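Please read the structure below before turning to the comments.
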Amino acid sequence: MASRVSTASQRHAAVAILRSASATRDLSKGMALHARLILSTPFDIVLHNHLIAFYAKCGCLGLARKVFDAMPFRNSVSGNFLMSGYISSGHHRDALGLLRVIDFGGSWMVRTIVRSMARAVEQWDHVSYVTVLGHCASMKDLVLGVQVHAQALKRRLELKVYVGSALVDMYGKCDCAHDAHCVFEVLPEKNVVSWTAIMNAYNQKELFEDALQLFLDMEMSGVRPNDITYAVALNNCAGLAALRTGSALGVSALKTGYWRYLPVSNALINMYSKSGSIKDAWKVFTSMPYHDVVSWNLTITGYAHHGLAREAMEAFHYMLSVAEVPSYVTFVGVLSACAQLGLVDEGFYYLNTMMKEVGVIPGKEHYTCMVGLLCRAGRLDEAEQFIMSNCIVTDVVAWRSLLISCQVYRNYGLGHRVAEQILLLKPNDVGTYVLLSNMYAKANRWDGVVKVRKLMRNMGVRKEPGVSWIQVGSEVHVFRAEDKVHPQMDQITEKLEELIYQIKAIGYIPNFAMVLHDIEDEQKEEHLMYHSQSSVVQYIPRKGYQIHPCRLSAAIQNEVHVTLLIYFDVIKKILTEKPEIDEAYREATLRNAS
DNA sequence: CGTCCCCATT
């Protein structure tokens with residue numbers, strides 16, 4: 001009896017050592033323990049399982065495997081540790097081979113799954129299912145996910161809360177919100193993770209309102225949100241630019257103490273930024289005790305989105321000064337800021353020198369920014385060369401950027417070439433076809449206009465209704481392209497025309513858009529004037545455009561920026577009698593928060 | 001042993 005107690009406590013201590021060695025990736029510490037363990041008798045399966053976990057964490061899959069193979073007997077935990085080790089280090093084939101889900105005779109994916117799955121699946125425990133489903137979720141492997149689901153059903157495991165939540169998440173990540181919902185609905189016990197997973201599935205599908213409703217349902221059912229739940233809910237607000245709801249959630253997170261968690265404060269930055277309140281986003285940032293690279297990236301790209309490229313660059317340099325290492329996304333933000341400011345040399349310095357220094361390999365998005373930068377500087381031919389020599393010839397976005405600049409600089413010769421180039425890529429979004437049609441119209445190539453129209457019809461490309469909305473106070477003002485039902489429509493249109501007149505007077509080409517007009521009338525000069533690349537409007541993937549109070553087009557300079565700010569002030573005043581109330585409310589919220 | 005968040009170009 002006494003010896004058993006001592007063994008148990010020794011085991012406890014050994015597990016603790018292995019855990020800490022895993023956490024710090026202290027290979028020698030764990031190996032020393034391993035050496036002692038080999039000599040000790042009797043064989044302890046729990047310790048050996050943790051040994052597998054330790055080696056797997058340290059990236060020594062070979063050693064983990066050796067321990068596994070040398071064990072006189074194993075349990076499902078041994079397999080799970082090894083498998084999650086393989087999965088997290090990317091050896092998916094080995095991981096799944098371990099449990100013989102898949103034969104590796106040929107392609108590892110689809111065909112062999114069904115045949116071989118039944119063989120070893122009886123060795124799985126419920127954690128195996130969770131592990132594999134997590135893998136399916138991150139790989140978006142719906143085919144395997146469905147197979148696993150079928151097996152789970154057979155063994156009646158799908159109602160267990162961990163397995164169920166993993167299923168909900170898997171379907172959500174695979175873009176099957178409906179299936180996620182079905183699994184979620186029948187779960188007899190739903191915990192905070194199940195709720196968060198389903199909310200996130202709706203978020204993925206851009207069903208933001210439904211996701212927010214789920215947040216309320218969850219609270220009604222007595223489940224408390226955690227930091228991730230708040231983050232997901234705030235991301236839904238960001239998708240709707242629902243400033244009021246987002247602020248309220250921020251206050252709620254403050255009350256419950258989740259405000260200080262990184263996912264929550266990052267989501268708050270995102271929400272404020274996407275809702276047009278970049279100042280509040282910055283206030284959140286400065287009130288955070290520490291930041292991660294996502295916080296920085298959100299701030300940098302947030303400023304860039306608002307046309308505040310100077311501030312974006314400042315934030316970037318601030319980031320470097322506190323020795324935070326920029327990431328792939330950081331450089332996307334920085335280069336887009338450079339593009340706005342026309343900083344060609346600096347842009348190339350970041351692309352060719354700094355990115356190499358910090359070990360970030362430039363990708364499509366960076367090259368696309370560089371195209372935008374060259375276009376912004378009016379170096380259209382270089383931009384064309386750049387596209388062709390940087391493996392982004394198939395990137396519609398890059399060509400579109402060039403196409404727009406061709407219009408701005410009235411270089412219709414190049415514009416025509418670019419349009420032909422884009423057509424070869426067979427784009428499938430309306431926006432591109434509208435741009436193409438505009439280009440041809442401007443270049444007086446009516447044959448081109450007809451061609452584009454025909455293509456759109458044949459491909460079944462339908463025009464999404466242009467919708468803009470802005471939240472002022474507690475009201476959301478919606479503007480549809482095809483109707484003019486907003487009571488203050490006349491006033492707003494009048495102001496818009498006035499502003500465009502002013503911009504033209506200073507000599508700028510008004511390429512900012514406010515989608516209050518009908519994009520059906522592509523041929524009208526008026527339309528060509530209003531409709532162009534994103535600027536005052538921010539595209540929201542779901543259904544339309546969100547007017548940003550201070551978003552500024554790359555091609556518009558400072559004095560126009562000021563005009564725009566004034567202009568949006570005017571709009572706000574038109575839309576609300578007492579705009580300062582909303583302002584005061586936000587101030588109060590922020591004061592509470594910090 | 002395990003499930004939920006993570007920013008980007010036009």
Side-chain angles (χ1 to χ4, degrees), chain A residues 46 49-50 52-53 56 75-85 87 125-135 137 160-170 172-173 191-201 203 225-236 238 258 261-264 266-267 269-270 273-274 292-302 304-305 327-337 339 363-373 375 392 395-405 429 431-432 435 532-535 538-539 553-554:
Chain A
V46 173
N49 284 347
H50 277 95
I52 294 172
N75 58 17
S76 58
V77 179
S78 332
N80 288 339
F81 269 134
L82 189 55
M83 180 164 64
S84 69
I87 285 177
D125 64 5
H126 61 111
V127 178
S128 320
Y129 284 88
V130 174
T131 308
V132 175
L133 285 169
H135 154 83
K160 279 188 172 275
V161 66
Y162 266 70
V163 179
S165 304
L167 276 168
V168 171
D169 185 49
M170 184 275 293
K173 294 273 156 61
N191 65 12
V192 62
V193 177
S194 333
W195 282 99
T196 309
I198 188 69
M199 282 173 62
N200 204 41
N203 188 6
N226 65 13
D227 51 341
I228 310 295
T229 321
Y230 277 113
V232 172
L234 284 165
N235 288 338
N236 282 301
Y258 285 110
Y261 287 79
L262 266 174
V264 180
N266 283 348
I269 297 178
N270 187 34
S273 160
K274 295 267 162 64
D292 65 0
V293 70
V294 177
S295 329
W296 287 102
N297 293 348
L298 280 164
T299 304
I300 292 167
T301 54
H305 269 267
S327 71
Y328 188 96
V329 177
T330 316
F331 284 109
V332 176
V334 169
L335 290 178
S336 77
K364 196 184 83 184
E365 293 90 341
H366 303 111
Y367 295 127
T368 310
C369 286
M370 294 310 289
V371 173
L373 173 49
C375 289
I392 47 171
D395 182 19
V396 178
V397 176
W399 286 113
R400 270 182 61 166
S401 171
L402 183 53
L403 186 74
I404 290 163
S405 287
D429 62 299
T432 301
L435 278 174
S532 179
Q533 62 177 318
S534 69
S535 46
Q538 162 157 21
Y539 180 68
S553 160

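A quick note: this is a predicted structure, and the numbers were derived from the prediction, not measured. The chains referred to below are lettered A, B, ... by the order of the sequence lines, with proteins before strands, and numbering in each begins at 1. These numbers come from the heavy atoms of this one structure, side chains and all, not from hydrogens, waters or symmetry mates.
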Quick one: which of B:dT10, B:dC5, B:dA8 gets closest to the side chain of A:Ile404?
B:dT10

At under 4.0 Å between heavy atoms, what does A:Thr131 touch on the DNA or RNA strands: base, sugar-phosphate, or nothing?
nothing

Determine: side-chain N/O of A:Lys173 to OP1/OP2 of B:dC6, distance under 4.0 Å, yes or no.
no

Check this one for me: any side-chain N or O of A:Asn266 less than 4.0 Å away from OP1 or OP2 of B:dC6?
no

Per atom distances to the A:Ser336 side chain, the nearest of B:dT9, B:dT3, B:dC4 is B:dT9

Enumerate, atom names and distances included, each donor-acceptor pair closer than 3.5 Å involving a side-chain atom of residues 160-167 of chain A, sequence neighbours excluded.
residue, atom, partner, partner atom, Å
A:Ser165, OG, A:Val161, O, 2.7
A:Ser165, OG, A:Ser194, OG, 3.0

Reckon A:Tyr230 touches a base, only the sugar-phosphate, or nothing at all at heavy-atom distances under 4.0 Å?
nothing

Per atom distances to the A:Val130 side chain, the nearest of B:dG2, B:dT9, B:dC6 is B:dG2

Expressed as a whole number of angstroms, how long is the span from A:Leu133:CG to B:dC4:P?
10 Å

Length of the CD1-C1' vector between A:Ile392 and B:dA8, whole Å
15 Å

Compute whether any side-chain donor of one residue and acceptor of the other, for A:Asn80 and A:Thr131, lie under 3.5 angstrom apart.
no

When all nucleic acid strands are considered with a 4.0 Å heavy-atom cut-off, which category describes A:Phe81: base, sugar-phosphate, or nothing?
sugar-phosphate

Looking at the side chain of A:Ile228, which of B:dC7, B:dC5, B:dT10 is the nearest nucleotide?
B:dC5

Phosphate OP1/OP2 of B:dT3: any A:His126 side-chain N/O under 4.0 Å
no

What is the distance from NZ of A:Lys274 to C1' of B:dA8, rounded to the nearest Å?
9 Å

Checking contacts here: which listed nucleotide (B:dC5, B:dC1, B:dC6) is nearest the side-chain heavy atoms of A:Asn80?
B:dC1

In terms of side-chain heavy atoms, does A:Asn235 have a donor or acceptor partner in A:Asn200 at a distance below 3.5 Å?
no

For A:Val232, which contact category applies under a 4.0 Å heavy-atom criterion: base, sugar-phosphate, or nothing?
sugar-phosphate

Whether the side chain of A:Thr368 and the base of B:dT9 hold a donor-acceptor pair under 3.5 Å is what I'd like checked.
yes

Side chains of A:Ser273 and A:Asn270 only: does a donor on one sit below 3.5 Å from an acceptor on the other?
no

Relative to each other, are the rings of A:Phe331 and A:His366 parallel, tilted or perpendicular (30° and 60° limits)?
perpendicular

For the side chain of A:Asn235, starting at C-beta, report the closest nucleotide among B:dC6, B:dC1, B:dA8.
B:dC6

